[in-house]
2 protein chains.
Amino acid sequence: MTTRPSTQETRERLLAAALEAFGQRDYDAVSTRELATAAGVNLAAISYHFGGKHGLYLATARLLGERMRALLHEDLSWVRSAYADASPEECRRLVGDLIGRLAARLLGDAFGRHVPGLIIREQGQPTEAFEILYETLFGPIHHVLGELIGRARGRPADDDETRVIAHALIGQAVIFRAGRTALLRYMDREGFDEGDLVHIRRVVAALAESALTGHVEGDEPCL
Amino acid sequence: MTTRPSTQETRERLLAAALEAFGQRDYDAVSTRELATAAGVNLAAISYHFGGKHGLYLATARLLGERMRALLHEDLSWVRSAYADASPEECRRLVGDLIGRLAARLLGDAFGRHVPGLIIREQGQPTEAFEILYETLFGPIHHVLGELIGRARGRPADDDETRVIAHALIGQAVIFRAGRTALLRYMDREGFDEGDLVHIRRVVAALAESALTGHVEGDEPCL
DNA sequence: AAACATAGTTCAAACGAATGTTTAACTCAA
DNA sequence: TTGAGTTAAACATTCGTTTGAACTATGTTT
């Protein structure tokens, strides 16, 4: 009747192994046998508990979304409470801080070493997992950033120009994970230590902050 | 003795099909049979001409690198000739122009619809193809951008801070391809027309240009 | 309390389909 | 006739999934 204690553990073991594997490599590059072995469970457990490989992948995306949401909750709720009665200058500073923090976290292992890869890959050929990840990840960041940037530039948050800027600034952070390998090569390094992260965070924060000072030439609210 | 005319055509057909397929989907998600069918050649031609699937993949990366280099050559050589005796202000403008142009091209289909996906994917688990792509693609952009930004901010081009800024600004452009799906969702669209591209290019250019006006708080050259 | 029945879970084994690659016969211009 | 190139067929693996028996608690009956 009641589920046995080992049931939940089997699920968790598989999810942990799947998160690790799907984070690093593509869906097709990960085999069910490999997942079962890594999780230390029987092969048939995947079909039994998740209905198959695809079900496990979706469950992994859900788990990932929840974890990222939890990690972001702290930063975002802090920003949300801060910008309620913030001046444009303060909003600019908040944006810089948020982007810088995001960049450092992405470059480091705060979100897991390979986990963001799954998100990036989902954008190429979006599956059901993309919806899950957008709702919990890109969506909230887009939203908060839009509010902040709109306030900082004296424009509505749902303005198209505001949204383009928000997206571009997210790119400033995301590239530190998506283009990590190229950056290592460019800066002639083998890895980044804690000091690097602090400095990069500061540079990116200053960059994003001053980016909001300018005006778009051409009169219209653009787009 | 001499190669028959059909030889080269078989290679080209396979490379075209591989560029299309590997651009959209992961290495493991593309089958040799599918490639042969799409190219209209026999299955064994892959092994015969490229030594196998992996060889075809590397050849595709080389072809992609050359095409991208050609596409970028125009922009980059124009910039290179322009910044030789340019003022910091002009350099800032050149950077903005370059980033904006890059963003619009990436968001549109200038580089091919799915081609940039291969590059992004290679950063996750770099293979030999990464070297090829860095040399012809990221490398030159990094270099030119470093020169421009260094001059614009009165710092050496090989400064670590300069490099971080260059990388971050590239991210502003890359995100418009890497995060295209999320942007469509954010801006509530189904696609971007020519007018969108022009506007986005202008916004991103202004953003990148004004980003270079600020100073990084904290005294040292950073990093 | 002992024996049985039941439902949930694990397990080794096997399934058919698809994978990348190789083989050997064949084509045809030099 | 020679040999580079093409072709269909077959190669051995690996894939995701399914099977049916074994195991293990729990609930019921005796």
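Values in this document were obtained by computation on a predicted structure and should not be read as measured data. Here is how names work: the chains are called A, B, and so on, in the same order as the sequence lines, proteins then strands, and each is numbered from 1.
Each of A:S31 and A:S47 lies near DNA chain D, and the nucleotide nearest A:S31 is the one positioned closer to the 5' end. Where A:Y48 and B:V30 each meet DNA chain C at their nearest nucleotide, the meeting point lying more 5' is that of A:Y48.
A:L43 places its CG atom 17 Å from the P atom of D:dG20, with the value rounded to the nearest Å. In this structure, A:E9 places its CD atom 16 Å from P of D:dT24, rounding to the nearest Å. Put simply, CD on B:E34 is 19 Å from P on D:dC15, counting in whole angstrom units. Between B:D28 atom CG and C:dA18 atom C1' the separation is 13 Å, expressed in whole Å. Rounded to whole angstrom, the span from the CZ atom of A:R25 across to the P atom of D:dC15 amounts to 11 Å. Atoms CG (B:L35) and C1' (C:dT21) sit 14 Å apart, rounded to a whole Å. One can place CG of A:N42 at 9 Å from P of C:dT10, the figure rounded to the nearest angstrom. As rounded to whole Å, 11 Å separates atom C1' of C:dA17 from atom CZ of B:R33.
Between the side chains of A:T136 and A:E66, no donor-acceptor pair of N or O atoms lies under 3.5 Å. Side chains of B:Y134 and B:H142: a donor on one and an acceptor on the other come within 3.5 Å.
Of the side-chain N and O atoms in B:T10, one or more sit less than 4.0 angstrom from OP1 or OP2 of D:dT6. The shortest distance between the side-chain N/O atoms of B:H54 and the OP1/OP2 oxygens of C:dG20 is not below 4.0 Å.
B:Y186 and A:H167 have their aromatic ring centers separated by at least 6.0 angstrom.
Within the nucleic acid shown, B:A44 comes within 4.0 Å of at least one base atom, counting heavy atoms only.
Counting all heavy atoms, side chain and backbone alike, A:A21 lies closest to A:L35 at CB-CD2, 3.7 Å.
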